[in-house]
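Below: the structure, in structure tokens.
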Amino acid sequence: MDVRDLHPWPSTPEEAEAIQDLLRPMLELDVPGPAAPSTVAGLDVSYAGDGGGTGDRLAAAVVVLDGTTLEVVEESVAVGTAAFPYVPGLFAFRELPTLLEALRGLTTTPGLLVCDGFGIAHPRRFGLACHLGVLTGLPAIGVGKTAFIGTYDQPGARRGDAAPLRDGGEVVGRVLRTRDGVKPVFVSVGHRTDLGTACRNVLALAREYRLPETTRRADRLSRDALAAASG
DNA sequence: GCGACAG
DNA sequence: ATCTTGTCGC
């Protein structure tokens, strides 16, 4: 089954926003998240060409790591095309179909999904991590490399230092330093977890590099898959 | 009104 | 996201 069979695929930003509004009530927030998931999946997508419009060639990768040793347990890739043009706030519609196809290729059911991008730190509180969480029913978090929405004070310079990410009077995420003196990452809850647990998960996954090992592995796999697909 | 804007 | 040369540093 394809996500595009669940409901008409949006052809306009208005329709895409309506879908986000429809799915948002299904989010389970502020529930205790997985403190020590036995497996954690990282997801990422690589594009061929400019990567701005519909139809761009892409490769989606999912890498499942052992939650304790961080060793690779399973990998899955899917190649496809962007299902929506790039519009800030509607980013998920671009790669959702291909990401779900890659997830379907797994034998393992991950205890946590680590997504590239944001969860509720989003204009309508429904970023990619929320969308993937609701559709899979799995705990999910978003780890962004750059700011999107909200305001924050610069966190301390050491690994583990953090500052709340605020928007419209509410805390929507946390700016977290994963390495001493290195640019922080933006962590936000997607589904079935709390922010504190999400940040602890990220720190456990990012020991020697700024980004979680899950994200790094998925990034490399999606890149290789795209190249192998001849693009 | 003008700019900024996940990947 | 992707396109790209050189450059600084461990």
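Chain letters run A, B, ... following the sequence lines, proteins first, then strands; residues in each count from 1.
One finds a salt bridge joining A/Asp21 and A/Arg24 here, because a Lys/Arg side-chain nitrogen approaches an Asp/Glu carboxylate oxygen to under 4.0 Å. Using a 4.0 Å cut-off between charged side-chain N and carboxylate O, A/Arg220 and A/Asp224 make no salt bridge.
A/Asp56 has its CG atom 9 Å from the C1' atom of C/dA1, to the nearest Å.
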- Message: Output one letter per nucleotide in nucleotides 1-7 of chain B: B when a protein non-hydrogen atom lies under 4.0 Å from the base, S when only the sugar-phosphate is that close, - when neither is.
- Response: ----SBB
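Nearest heavy atoms, A/Ala129 versus A/Cys115: CA-SG, 3.8 Å. Taking each heavy atom of A/Leu70 and A/Leu205 in turn, the nearest pair found is CD2-CD2, 3.6 Å. Of all the heavy atoms in A/Val62 and A/Ala102, the pair that sits closest is CG2-CB, 3.7 Å. Taking both residues in full, the closest heavy atoms of A/Val134 and A/Leu23 are given as CG2-O, 4.3 Å, listed atom of the first, atom of the second, then distance. Between A/Ala78 and A/Thr98, the closest heavy-atom pair is O-CG2, 3.3 Å.
Pairs engaging residues 110-127 of chain A under the salt bridge (charged side-chain N to carboxylate O under 4.0 Å, His left out) rule: A/Glu17-A/Arg124, A/Asp116-A/Lys145, A/Arg125-A/Asp167, A/Arg125-A/Glu170 [sequence neighbours left out]. A ring pair (Phe, Tyr, Trp, His ring centres under 6.0 Å) check over residues 60-102 of chain A, counting only residues at least two apart or in different chains, returns the pairs A/Trp9-A/Phe93, A/Phe84-A/Phe93, A/Phe93-A/His131.
Distance check: A/Leu135 CG to A/Leu113 CG gives 11.0 Å after rounding to the nearest 0.5 Å. With rounding to the nearest 0.5 Å, the separation of CG in A/Asp30 from CZ in A/Arg192 is 14.5 Å.
By the 30° and 60° cut-offs, the orientation of the rings of A/Phe118 relative to A/Phe148 is tilted.
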- Message: Let's test your reading of the pairing rules: Watson-Crick or G-U wobble, both distances under 3.5 Å, then write DNA chain B as a dot-bracket string with ( ), [ ], | and dots.
- Response: .......
Could you list all N or O pairs between the protein and nucleotides 7-10 of chain C that sit under 3.5 Å apart?
none

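Consecutive pairing runs in DNA chain C never reach the stem threshold, where a stem means at least three Watson-Crick or G-U wobble pairs with distances under 3.5 Å.
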